[in-house]
Novice: 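First, the structure itself, so that you have it in front of you.
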Amino acid sequence: MKNKLVLLFLGCAVLGYAQKKSTKSTVKIKPKSEFVAELMSKMTLDEKLGQLNLPTSGDITTGQANSSNVAKNIAEGRVGGLFNIKSVQKIKEVQKIAVEKSRLKIPLLFGMDVIHGYETTFPIPLGLSCTWDMALIERSAQIAAKEASADGINWTFSPMVDVSRDPRWGRVSEGSGEDPYLGSQIAKAMVNGYQQHDLSKNNSILACVKHFALYGAPEGGRDYNTVDMSHIRMFNDYFPPYKAAVDAGVGSVMASFNEIDGIPATGNKWLMTDVLRKQWGFKGFVVTDFTGIPEMIEHGMGDLQAVSALSLNAGVEMDMVGEGFLTTLKKSLDEKKVTIETIDNAVKLILEAKYDLGLFQDPYKYCDEKRAKTEIFTADSRKEARQIAAQSLVLLKNQNQLLPLKKSGTIGLIGPLADAKENMPGTWSVATKMENAVSLLAGIKEVAGAGTKVLYAKGSNLDYDETFETNATMFGKTLHRDARSKEELLAEALKVAQQSDVIVAALGESAEMSGESSSRTNLEIPQAQKDLLNALLKTGKPVVLVLFDGRPLVITDEEKTVPAILNAWFAGTEAGYAIADVLFGDVNPSGKLTSTFPRSVGQLPIYYAHKNTGRPLSNSEGKFEKFRSNYIDERNEPLFPFGFGLSYTTFDYSNLKISSDKMNFSGKLKVTVDVTNTGNFDGKETVQLYIRDLVGSVTRPVRELKGFQKITLKKGEKQTVTFDITVEDLKFYNSDLQFVAEPGQFDIFVGGNSTADKKVSFELTK
């Protein structure tokens, strides 16, 4: 009789599951549309508005959930989800309030910024993108979802897919670089890794693609700043990764802070309804970024009531922290500034997401304490993180094959980033336990083994300016500033250098020099570290620069003077081991840049897929020409181009062929190229294919990435790589925003980076 009553209770959409149980319920519920409709028929207006409210966890701590400020709102049905609360124990306590004390017992969503791993932390997303390996990237998201879900989290505010071509913007570290095609492939991989095509699994979580839209193109590279661009550029260059995430079935979308066409994205109906839903067919819900709704007041869009109504009517369903929906929509409804139909649609979308996650069947689905003890920061996950991190490193220079290092002799490890485990996980690593990260010093000692002597000196602080260092080492990512004078620090470093056979200089940015609200106008290594590096070079000892950064830096001086440069990004909890694996040749570096490195900050924004001008530079030596598109004081080309990355071996490209010099709209071309490992090491190479549309109804980029394959070749081995070209690879948005391909001539370039010069051509015919 009791079971029949429970089933009847569920059938009425009033959630009478066994609230005290933490194991998965076997009770089956009605199909989603019917279930949600019946539940909504029971909801008051206040309860509906509560589902649209996403506050932070506030002052909730273990054992005090019932007395927290947010608990009262949860019990009253005025909260739809929480974020920034961590651990099964805390989340279970809070979920219990929702499903036992609120009238309709609707479970909560629990979100967190799981950006590049949970406690097992992978390279920052910019670093991950440099693997050019979609399987590895998807696997990193899958492991992150496994760990987060084991700790009670069911929703991540990731992936961030903002295309950015200006590294002054600090959040370039969170994205996948400058290219819409590569960014689209990564967006799909991340969504599939988090959601695993099945949100009913207890180890998959709801993904949230962000920041919609154009957040990576702020004026001056300054965070939260104005974005202004044409629609044709939006659709061709900046929209594709967002659309790819939607096509992959992403469950939620986060609005960006910037304005678009003079209207902030959070209140932009053209963006959220016309593009996202009507054109792209998005079926999930949209959440604001942190205080995105009240921030529209400062934009000049009206008071809290006005901007809340604007946001809801635009197509935003959930209000993160602002509480404008919760406190003003009832009045706006009375004043006919919003409709109940719009409110109901927002509520429906959020309830459907909870249904898809299986929370109505088992609100404690993600609260298995056994999983929390056995599936987080495991040896297997750390092993994979180490392997993935090693693939993300980019070898920028290796004069006279200085690398790999020998596991013998004496190595002098010098620099403020050498013994800095707290910085290895990088920015936006909110769940990471910094004490578990591996420093470069620890990694080199472990990998080099007992036969190698490793000496260490800090050499300098991050910067001469203590205030700057404080601002650049927030959130527990200290570099333990040394109180000694710069002369004392340098003297110690030079003493170590004199005793060493080779110097490894660990320099660059601290973790929080990039990331949110970490825009920079000077992209060089801080002067204190430049002075240290120059002093080390003067010793005459061979120097390897291990460069830590969250963005492309201006290292023009270093490229001229340092014999070997390994760009390490911030490689995660296993960074020290992964970097050492590459330095000693246990792993041959194969990372390729996904963001152009400029020669100077004055070149920004800089990217490979630029348009030509009517007066292009006519020489390839970078010589200044009057009345041409160039600088009087700098070359046009970057220091390191998109797609660039060296290996300890060398690769030769030959025999580039195309199956035909003509293709019609229903046809297909095959492009083949032979790639040979001509060096002395086994290695991996990312073979890249670029296309140029020579004549169009609108101007077209000088080349665009349209294919890539990462292959493994043993030394001396040759492999024929094949690419298929169809009309879909030739389409673009024209001036009428129609997605079309146009007949005409096309050039195809294949090689190891975006400057590839091996070319074949064909004509697209009707």
Side-chain angles (χ1 to χ4, degrees), residues 112-151 153 156-161 174-177 182-199 201-209 241 244-245 248-251 371 374-394 424-426 428-429 431-432 437-438 569-575 577-578 581-582 587 589-592 594 684 686 708-712:
M112 180 176 275
D113 283 293
V114 183
I115 305 299
H116 51 107
Y118 191 65
E119 285 190 17
T120 302
T121 311
F122 298 90
I124 58 172
L126 184 60
L128 269 177
S129 70
C130 292
T131 67
W132 292 64
D133 190 320
M134 298 307 107
L136 288 185
I137 292 171
E138 181 172 338
R139 180 61 181 153
S140 75
Q142 189 176 20
I143 292 172
K146 176 183 176 182
E147 291 196 1
S149 64
D151 218 15
I153 306 298
T156 176
F157 305 121
S158 177
M160 194 202 94
V161 302
E174 284 182 67
S176 298
L182 179 61
S184 296
Q185 308 310 308
I186 293 173
K188 290 188 287 187
M190 293 293 287
V191 169
N192 291 338
Y194 289 133
Q195 298 188 167
Q196 297 175 57
H197 307 283
D198 185 0
L199 288 173
K201 295 179 178 179
N202 71 348
N203 61 358
S204 65
I205 59 179
L206 192 74
C208 182
V209 68
V250 72
R371 287 190 64 209
T374 60
E375 296 186 15
I376 299 173
F377 202 65
T378 64
D380 286 345
S381 293
R382 292 181 64 192
K383 180 180 179 182
E384 290 194 67
R386 177 175 177 172
Q387 294 169 344
I388 292 172
Q391 302 295 313
S392 73
L393 309 184
V394 183
M424 295 302 98
W428 278 118
S429 48
T432 305
V438 180
W569 310 111
F570 291 99
T573 45
E574 309 307 303
Y577 294 141
D581 287 340
V582 171
V587 175
S590 61
K592 298 274 192 174
T594 58
K684 295 181 179 180
T686 300
F708 60 90
Q709 293 181 40
K710 192 167 187 177
I711 62 173
T712 300

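The residues of the chain are indexed from 1 along the displayed sequence.
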Novice: Any idea which heavy atoms bring S392 and G127 closest together, and the distance?
Specialist: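 Between these two residues, the closest heavy atoms are CB-O, 3.1 Å.
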
Novice: Which heavy-atom pair separates Y194 from S158 by the least distance, and what is that distance?
Specialist: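 Minimum heavy-atom contact is OH-OG, 2.8 Å.
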
Novice: According to side-chain contact (heavy atoms from CB on, under 4.5 Å), who are the partners of K201, at least two apart in sequence or on a separate chain?
Specialist: Q196, D198, N203, S204

Novice: Please report the shortest heavy-atom distance between A189 and M134, naming the atom on each side.
Specialist: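 For A189 versus M134, the nearest heavy atoms are CB-O, 3.8 Å.
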
Novice: Checking M190 against I137 for the side-chain contact (heavy atoms from CB on, under 4.5 Å) test, could you report, in this order, the C-alpha distance in whole Å, the side-chain angles of both residues, the deciding distance, and whether it holds?
Specialist: CA-CA 7 Å; M190 293 293 287; I137 292 171; 3.5 Å; yes

Novice: In sequence, state the C-alpha distance, the side-chain angles, and the governing distance for E147 and T120, and then conclude on side-chain contact (heavy atoms from CB on, under 4.5 Å).
Specialist: CA-CA 8 Å; E147 291 196 1; T120 302; 2.5 Å; yes

Novice: Under the side-chain hydrogen bond (donor to acceptor under 3.5 Å, both in side chains) rule, collect the residues that match up with S590, sequence neighbours excluded.
Specialist: Q391, K710

Novice: Go through it in stages, so that I can follow the logic: the residues are T121 and S429, the test is side chain to side chain donor-acceptor pair (under 3.5 Å), and I'd like the CA-CA distance, side-chain angles, deciding distance and then a yes or no.
Specialist: CA-CA 7 Å; T121 311; S429 48; 5.7 Å; no

Novice: Name all residues meeting the side-chain hydrogen bond (donor to acceptor under 3.5 Å, both in side chains) criterion together with Q195; count only those two or more places apart in sequence or in a different chain, and write none if there are none.
Specialist: none

Novice: Considering residues at least two apart in sequence or located in another chain, which fulfil the ring pair (Phe, Tyr, Trp, His ring centres under 6.0 Å) criterion with F157?
Specialist: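 Scan of F157 (ring pair (Phe, Tyr, Trp, His ring centres under 6.0 Å), adjacent residues dropped) gives F83, W155.
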
Novice: So which heavy atom on A390 is nearest to which on V587, and how close?
Specialist: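 Closest heavy-atom pair between A390 and V587: CB-CG1, 3.9 Å.
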
Novice: So, using side-chain hydrogen bond (donor to acceptor under 3.5 Å, both in side chains) as the criterion, who are the partners of T131 when residues are at least two apart?
Specialist: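 For T131, no residue satisfies side-chain hydrogen bond (donor to acceptor under 3.5 Å, both in side chains) once neighbours in sequence are set aside.
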
Novice: Determine whether L128 and S140 make a side-chain contact, defined as any pair of heavy atoms from C-beta on separated by less than 4.5 Å.
Specialist: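 Yes, close enough: below the 4.5 Å cut-off.
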
Novice: Mind checking side-chain contact (heavy atoms from CB on, under 4.5 Å) for A148 and listing every partner two or more places apart, or none if nothing turns up?
Specialist: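 side-chain contact (heavy atoms from CB on, under 4.5 Å) check on A148 returns V114, Y118, I153, I205.
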
Novice: To the nearest 0.5 Å, what is the distance between OG1 on T432 and CD1 on I115?
Specialist: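 Going from the OG1 atom of T432 to the CD1 atom of I115 covers 11.0 Å.
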
Novice: State the CD-CD distance between E574 and Q387, to the nearest 0.5 angstrom.
Specialist: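 Reported to 0.5 Å precision, the distance equals 10.5 Å.
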
Novice: Within the 4.5 Å heavy-atom criterion, are M160 and P125 side-chain neighbours or not?
Specialist: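 Side chain of M160 against side chain of P125, heavy atoms only: no contact under 4.5 Å found.
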
Novice: Could you check whether R386 and T573, counting side-chain N and O atoms only, form a donor-acceptor pair closer than 3.5 Å?
Specialist: no

Novice: So do M424 and V438 actually touch side chain to side chain, heavy atoms under 4.5 Å?
Specialist: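 Side chain of V438 against side chain of M424, heavy atoms only: no contact under 4.5 Å found.
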
Novice: Can you name the side-chain hydrogen bond (donor to acceptor under 3.5 Å, both in side chains) partners of T378, sequence neighbours left out?
Specialist: S381

Novice: Do C130 and W569 have side chains that get closer than 4.5 Å, going by heavy atoms?
Specialist: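 C130 vs W569: side chains touch.
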
Novice: Restricting to non-hydrogen atoms, name the atom on P241 and the atom on S184 that form the minimum distance, rounded to 0.1 Å.
Specialist: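 That closest heavy-atom pairing would be N-OG, 3.4 Å.
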
Novice: Could you list the residues that satisfy ring pair (Phe, Tyr, Trp, His ring centres under 6.0 Å) with F708, not counting sequence neighbours?
Specialist: W132

Novice: Is any side-chain heavy atom of E174 less than 4.5 Å from a side-chain heavy atom of L126?
Specialist: no

Novice: Among all residues two or more places apart in sequence or in another chain, which pass the side-chain contact (heavy atoms from CB on, under 4.5 Å) test with S176?
Specialist: S129, I186

Novice: Taking all non-hydrogen atoms of both residues into account, name the closest pair between A389 and A578 and its distance.
Specialist: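 For A389 versus A578, the nearest heavy atoms are CB-CB, 3.5 Å.
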
Novice: Name all residues meeting the side-chain contact (heavy atoms from CB on, under 4.5 Å) criterion together with A245; count only those two or more places apart in sequence or in a different chain, and write none if there are none.
Specialist: A187, V191, V209, V250

Novice: Would you say the side chain of P425 lies within less than 4.5 Å of the side chain of F122, judging by non-hydrogen atoms?
Specialist: no

Novice: Return each pair, listed once, that meets salt bridge (charged side-chain N to carboxylate O under 4.0 Å, His left out) where at least one residue sits in residues 118-142; pairs must be two or more places apart or across chains.
Specialist: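 As it turns out, the salt bridge (charged side-chain N to carboxylate O under 4.0 Å, His left out) pairs with a partner in residues 118-142, which skip direct neighbours, are K86-E119, E119-K433, R139-E384.
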
Novice: In chain order, what residues pass the salt bridge (Lys or Arg N to Asp or Glu O under 4.0 Å) check against K146, with sequence neighbours excluded?
Specialist: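 Once residues adjacent in sequence are excluded, K146 has no partner under the salt bridge (Lys or Arg N to Asp or Glu O under 4.0 Å) criterion.
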
Novice: Side chains of L206 and L199: closer than 4.5 Å at any heavy-atom pair?
Specialist: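 The answer is yes, as the side chains (C-beta and beyond) meet within the 4.5 Å cut-off.
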
